[in-house]
Amino acid sequence: MPAKDLGSKFVCFKCQTKFYDMKKPDPLCPKCGADQRESPALKPQPEGRRGRLAAAPKVIEPEPEEPAAASEEEEEDLDSFDDDESAAAEPDDDDT
């Protein structure tokens with residue numbers, strides 16, 4: 001049966017002694033006097049190098065190439081292709 005009137009149960013992070021805080025505001029170990037609020041287990045771990053790199057991966061996007069120069073050449077090729085088709089279409093009308 002748990003002892004509810006003794007307060008919270010602690011295990012000292014320095015000397016591993018089990019004790020109750022007796023509902024006092026400061027949970028101090030009776031054996032070594034360590035304040036349990038200063039426990040390293042309660043403090044957040046500092047981010048290491050790997051933690052920062054894993055948290056924010058950088059994505060490098062390729063720079064778009066300049067399609068303007070290529071599109072002018074394609075337009076010239078298409079214009080010459082249209083001229084060839086129109087010249088080939090005219091002799092077909094003579095067959096009728």
Side-chain angles (χ1 to χ4, degrees):
M1 181 149 106
K4 293 182 181 180
D5 59 333
L6 298 177
S8 301
K9 186 175 183 179
F10 287 93
V11 177
C12 180
F13 68 94
K14 284 189 175 180
C15 65
Q16 307 303 317
T17 301
K18 297 178 184 178
F19 67 96
Y20 289 95
D21 66 353
M22 301 296 192
K23 297 185 180 180
K24 293 181 182 177
D26 300 330
L28 300 175
C29 175
K31 187 173 182 182
C32 68
D35 189 352
Q36 300 305 301
R37 294 175 295 182
E38 297 174 359
S39 171
L42 298 176
K43 294 180 182 178
Q45 293 292 328
E47 286 188 9
R49 178 172 166 82
R50 291 186 179 199
R52 283 183 275 141
L53 292 176
K58 293 182 181 180
V59 177
I60 301 173
E61 297 181 15
E63 294 182 15
E65 296 180 9
E66 295 182 19
S71 64
E72 290 175 6
E73 293 175 7
E74 290 176 5
E75 287 178 12
E76 290 176 10
D77 291 339
L78 292 176
D79 290 339
S80 64
F81 183 73
D82 290 339
D83 293 338
D84 293 340
E85 283 184 357
S86 62
E90 289 176 10
D92 290 337
D93 292 338
D94 293 337
D95 291 338
T96 50

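Numbering of residues begins at 1 and proceeds along the displayed sequence. Remember, predicted model here, so these are calculated numbers, not experimental data.
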Taking all non-hydrogen atoms of both residues into account, name the closest pair between [X] and [Y] and its distance.
| X | Y | result |
| --- | --- | --- |
| Phe19 | Pro30 | CG-CD, 3.5 Å |
| Asp35 | Phe13 | O-CE2, 3.4 Å |
| Gly7 | Tyr20 | O-CD2, 3.7 Å |
| Thr17 | Lys31 | OG1-CD, 3.2 Å |
| Pro25 | Arg37 | O-NH1, 4.1 Å |
| Asp21 | Ser8 | OD1-N, 2.8 Å |

* To do: Taking the side chain as every heavy atom from C-beta outward, state whether Gln36 and Leu28 have any pair of such atoms under 4.5 Å apart.
  =>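 No; the side chains remain at least 4.5 Å from each other.
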
